[in-house]
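Okay, structure first, notes after.
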Amino acid sequence: MVLGKRGMRLEAIKFSIYISIPVIASIYFNNPNTQKYWANYYQFLTYPANPNTNLKEEFEELQKQREVQKEQRKEYAEQMKILQQSAQRSRANAAAVAAEDNDKKKKKGWLWGTRT
């Protein structure tokens, strides 16, 4: 702990922060519109629209959505494989071209023979 006036100021600042954060949070979240917004944002509770809602149909729709997502993930994985293969081919081609360029760049020097 810092001694003197600076230490007292530091402790006063820390104490005011410790007190002000919960007070400000309680004032902010006490507003009903704010509570609705954050509850809907994180979807803590979701209830059926009305009691006559057919849950079987909702479950079937969710299942269809999951199947569509699985298919999309498979297609994405296939596209990524194709991209990886093309990237490997282009790297191999670049390496071959670089090797050819290195062979072409070898010149004979006038004093020491070949240079690399």
Side-chain angles (χ1 to χ4, degrees):
M1 184 170 151
V2 180
L3 300 175
K5 288 184 180 182
R6 289 184 183 172
M8 187 64 174
R9 287 182 188 157
L10 178 64
E11 292 300 320
I13 290 170
K14 290 193 317 188
F15 181 73
S16 64
I17 289 172
Y18 293 148
I19 296 297
S20 64
I21 289 176
V23 170
I24 291 170
S26 64
I27 290 170
Y28 177 73
F29 286 106
N30 197 21
N31 186 357
N33 292 333
T34 305
Q35 290 175 355
K36 283 182 187 177
Y37 171 77
W38 288 108
N40 289 336
Y41 182 78
Y42 288 108
Q43 296 182 357
F44 289 120
L45 299 172
T46 53
Y47 296 104
N50 60 22
N52 297 329
T53 303
N54 190 355
L55 294 177
K56 257 188 183 178
E57 291 175 1
E58 286 186 21
F59 289 135
E60 290 173 359
E61 288 176 13
L62 288 173
Q63 233 174 358
K64 288 178 185 177
Q65 288 176 355
R66 287 182 183 162
E67 289 174 3
V68 168
Q69 288 176 350
K70 282 182 184 179
E71 291 174 6
Q72 290 174 347
R73 281 193 293 260
K74 285 180 184 177
E75 291 175 9
Y76 177 74
E78 290 173 5
Q79 291 174 356
M80 291 304 294
K81 285 179 185 177
I82 293 169
L83 284 173
Q84 288 293 333
Q85 291 171 353
S86 66
Q88 288 174 352
R89 276 187 260 132
S90 67
R91 281 189 224 119
N93 290 341
V97 168
E100 289 176 9
D101 287 345
N102 285 340
D103 291 340
K104 289 179 183 177
K105 287 182 181 179
K106 288 185 179 179
K107 297 178 183 176
K108 289 188 176 183
W110 63 274
L111 186 57
W112 291 285
T114 59
R115 282 191 225 168
T116 57

Practice item. For the pair Tyr76 and Gln72, evaluate side-chain contact (heavy atoms from CB on, under 4.5 Å) and give the outcome as yes or no after the intermediate values. Key: CA-CA 6 Å; Tyr76 177 74; Gln72 290 174 347; over 6 Å; no

Check your understanding: Using 30° and 60° as the class limits, which term best fits the ring planes of Tyr37 and Tyr41: parallel, tilted or perpendicular?
Key -> parallel

Check your understanding: Between Asn30, Val23, Asn31, which is the residue that forms a side chain to side chain contact (heavy atoms under 4.5 Å, CB included) with Ile27?
Key -> Val23

**Study point:** Atom pair CD (Gln65) and CD (Glu61), whose distance is rounded to the nearest 0.5 Å
**Key:** 7.0 Å

**Study point:** Any side-chain heavy-atom pair of Ile17 and Lys14 under 4.5 Å
**Key:** no

Review point. From Ile82 CD1 over to Glu78 CD, what is the distance, rounded to the nearest 0.5 angstrom?
Key: 7.0 Å

Practice item. Mind checking the OG-CD spacing from Ser90 to Gln85? Nearest 0.5 Å is all I need. Key: 12.0 Å

Point to revise | Arg73 atom CZ, neighbour heavy-atom count above 12 within 6.0 Å | key: yes

